[in-house]
Amino acid sequence: MPRPVITLTTDFGPSSPYVAQMKGVILAIHGDVELVDLSHAVPPQNILAGAATLADAYHYFPLGTIHVAVIDPGVGTKRGIVLAELNGHRFVVPDNGLLALVARRGPPTRIVRLDAPEFWHQPISATFHGRDIMAPVAAHLSRGVDFDRFGPSQPTLKALDYPPVEDGANHAQVAVLGIDAFGNVMTNLEGDRLPAGVSELTLQIDDLPPRSVPVVATYGARERDELVLLVGSSGRLEIAVVGGNAAQRHGLGFQSRIRLAW
Amino acid sequence: MPRPVITLTTDFGPSSPYVAQMKGVILAIHGDVELVDLSHAVPPQNILAGAATLADAYHYFPLGTIHVAVIDPGVGTKRGIVLAELNGHRFVVPDNGLLALVARRGPPTRIVRLDAPEFWHQPISATFHGRDIMAPVAAHLSRGVDFDRFGPSQPTLKALDYPPVEDGANHAQVAVLGIDAFGNVMTNLEGDRLPAGVSELTLQIDDLPPRSVPVVATYGARERDELVLLVGSSGRLEIAVVGGNAAQRHGLGFQSRIRLAW
Amino acid sequence: MPRPVITLTTDFGPSSPYVAQMKGVILAIHGDVELVDLSHAVPPQNILAGAATLADAYHYFPLGTIHVAVIDPGVGTKRGIVLAELNGHRFVVPDNGLLALVARRGPPTRIVRLDAPEFWHQPISATFHGRDIMAPVAAHLSRGVDFDRFGPSQPTLKALDYPPVEDGANHAQVAVLGIDAFGNVMTNLEGDRLPAGVSELTLQIDDLPPRSVPVVATYGARERDELVLLVGSSGRLEIAVVGGNAAQRHGLGFQSRIRLAW
């Protein structure tokens, strides 16, 4: 039988020893798990970007996978930590909106708020509940401990202040969810909200003049250095430069104001 | 029996969630594999650097290991994707020259061009064949599916436009294959092409004046801050600064023109 | 039975193919191990930072775990390589002080100096003993080969030139051990050396004027952008900015001179 899978998502940066501490805690409880780094490059304390990272990746894993995500600006305050089941997967996360985009595929079928310290790693630090609470709970869960032993049920998850796409008849304000290693900029606009067969959009970045940009099916469809829009592998609209870095060339970041019209 | 090993090489950047998506797809098909990140720091779309990364590392892995490499600037165009066997290892790669340096040890013994969508992950995106085609094919292969079920045979692989070492009696033009975390600069000059016992070379970088540089056996052989040449662990010539960063100090990058004479 | 765990710590940078080469060597000797990246972001050749990374993480792993650490500025010189047992864990490291902070919890119970090339990977390069000596020794050890077959006993480990905390009645000079992805700055001051219940300290950075800084239990206890001190998850004092990057804002790095008084 394949080993249970536990994925880890954090904003600790690539190759952080904090991630290894979490893995050590898990392996000391349950040595027979498959540990996978989902991402540790979530921008620090950016819950929205973390939510998008989770939502875009979790469903590729086997049903029953346990996903631990530590983007946790509220660590040490009164925010809760939850174990939740959504769409056949299990998540151990601070209750701060991190599951908001996963929940768009289907609401939680089960939520407990962690309050059973016998499943935690002692001593509990004030600053690293990922290691001291979330990792050991995931490990015990992977050994078959029942949901309801980790804490009391909770009816809902905290919502995320998800930047709305304010669209009218023919325009939308979009937010940046992520920027990949190529400089491609991921937005929160779902591709299926665009008019069928649309071949170009008007793109305005901050206070720069609006410009017409082609919507393409693939990067290879245009000449090198051309600015393009496409629905990426996540199903959402991306801003890209063929063979180049769109974020750098167009000054795009998480704070950019981006407006699209068609 | 040890689990089959699948390595992943991409230009997605360290800690990319795209890599995790590939791992999820693999684990959902075959949970009993050993997944190893070979490197995700290949410079974006740099096929030559990717080819060197693969060639320098694959042979340390057990015979039969499956290596998936996604440096794929042609994704979405008509370039093929192949499954190939070379030197006792198996590779799933776009057919764009990525295996050119592996093949210098020995030519492919078997090549098929992937065309059997029953082994792919649906739906197939236009931009991420690493996740949708290469990862699932590697997973099915690791379960024992026969080579010839993935597609028809193909006689050869696409060649790589590998920068030639134009050497005369006593000089060579070399290319940069990689720059490591210490700032050491890897070139494409094989160490065995140097005269036996050579103790110094004349090095010219771009249009700077040529300078004489010692060839050493190890970094520790010279004083801190000294520029040196050595045959690194890959068997190729490296440019290094003892205890320092050669790339930064000497302005070296993938575009540098480097000339050596002895 | 769970598989033996081997962790890897290096200064090779995130996603380095050199790390993968080490993993390949290990898996070719023993396929049934659990490989965990402890960290590959140790600042190049910074033995003190490597020692802190190891000491802060190793004890979270199961007893008997094998930790390989390659921060090895002396590679190719006469420095030895050792296999040592401390606090129930096993370590394969250059004998250069890397275990000094682990040893503060308890001295080595066993040390051998590696000199048995039948357990090494041939050929031995002059520049990468992590791959050619340390990785294969760890793999053979994980298969159950006895300590004393790897080399002769050695009574002690090389000490580390560990910056002393020169404290008087009410002040201390501290060193930077690490800087995390959030810009939090780890010092070498153990939290239990502070007066019980201390609520603020005087902090002086380089030649800047001393300033009074609150000691808090958690980041969330203060307003965004405030400079704070806290005993972090490692048990040592950290310098942090709430919701911000302390290293960048206050120009802190590994060379900073930091003075604390209370």
Side-chain angles (χ1 to χ4, degrees), chain A residues 3 6 8 10-37 39-46 70-79 94 96 121-133 135-136 139 142-143 181, chain C residues 1-5 7-16 19 34-42 49-50 52-65 67 89 178-184 186 216-221 224 230-235 238 240 242-245:
Chain A
R3 305 187 297 168
I6 299 179
L8 303 175
T10 75
D11 56 0
F12 298 167
S15 203
S16 164
Y18 298 146
V19 173
Q21 294 177 14
M22 294 176 64
K23 291 178 180 174
V25 167
I26 291 170
L27 290 171
I29 293 168
H30 192 191
D32 207 27
V33 293
E34 176 78 27
L35 296 169
V36 179
D37 297 302
S39 176
H40 304 295
V42 173
Q45 312 199 336
N46 188 324
V70 191
I71 294 94
D72 193 12
V75 64
T77 65
K78 288 188 192 302
R79 69 90 187 81
N96 61 12
H121 181 275
Q122 301 297 340
I124 307 297
S125 71
T127 55
F128 193 1
H129 291 174
R131 179 192 65 204
D132 300 332
I133 301 178
S142 76
R143 295 185 69 176
Chain C
M1 211 181 64
R3 305 187 299 167
V5 180
T7 80
L8 302 175
T9 303
T10 75
D11 56 359
F12 299 167
S15 202
S16 165
V19 173
E34 177 78 28
L35 296 168
V36 179
D37 296 303
L38 201 149
S39 175
H40 303 295
V42 174
T53 299
L54 269 181
D56 290 352
Y58 84 96
H59 54 90
Y60 291 105
F61 286 85
L63 282 175
T65 294
H67 304 276
H89 289 251
I179 297 172
D180 73 15
F182 305 95
N184 300 321
M186 316 293 144
V216 300
T218 174
Y219 305 116
R224 196 174 178 83
L230 80 171
V231 177
S233 56
S234 69
E238 295 182 16
V242 180
N245 187 308

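Residue numbers start from 1 in every chain, and the chains themselves are labelled A, B, ... in the order their sequence lines are given, proteins ahead of strands.
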Quick one: which of [options] has the most heavy-atom pairs under 4.5 Å with chain A, could you say?
{"options": "C:Asp37, C:Val5, C:Val242, C:Asp56", "value": "C:Asp56"}
{"options": "C:Gly183, C:Gly13, C:Ser15, C:Ala57", "value": "C:Ala57"}
{"options": "C:Ala41, C:Gly178, C:Pro62, C:Ala217", "value": "C:Pro62"}
{"options": "C:Gly235, C:Gly243, C:Ala181", "value": "C:Ala181"}

- Query: Between C:Thr65 and C:His89, do the side chains contain an N or O donor and an N or O acceptor separated by less than 3.5 Å?
  - Reply: no
- Query: If you measure only the distance, is there a donor-acceptor pair under 3.5 Å linking the side chains of A:Ser142 and A:His30?
  - Reply: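 The answer is yes; a qualifying pair exists.
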- Message: Taking every non-hydrogen pair under 4.5 Å, which of A:Gly74, A:Ala28, A:Pro73 racks up the most with chain C?
- Response: A:Ala28
- Between A:Val75, A:Asp11, A:Val19, A:Val25, which residue shows the highest count of heavy-atom pairs closer than 4.5 Å to chain C? A:Asp11
- Message: Which atoms of A:Pro14 are under 4.5 Å from chain C, going by heavy atoms: the side chain, the backbone, both sets, or neither?
- Response: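 Both parts, heavy atoms under 4.5 Å.
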- Contact part of C:Leu230 toward chain A, heavy-atom cut-off under 4.5 Å: side chain, backbone, both or neither?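 Contact with chain A involves the side chain of C:Leu230 alone.
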- Query: When rounded to the nearest 0.5 angstrom, what distance separates CG in A:Asn96 from CG in A:Asp72?
  - Reply: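 So the gap between those two atoms works out to 6.5 Å.
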- Over all atoms of both residues, closest heavy-atom pair of A:Met22 and A:Thr10: SD-CG2, 4.4 Å
- Query: Which atom names give the shortest non-hydrogen contact between A:Arg143 and A:Ile29, and what distance separates them?
  - Reply: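 Where A:Arg143 meets A:Ile29 most closely, the heavy atoms are NH1-O, 3.3 Å.
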- Query: What orientation do C:Tyr60 and A:His121 show, parallel under 30°, tilted 30 to 60°, or perpendicular over 60°?
  - Reply: tilted
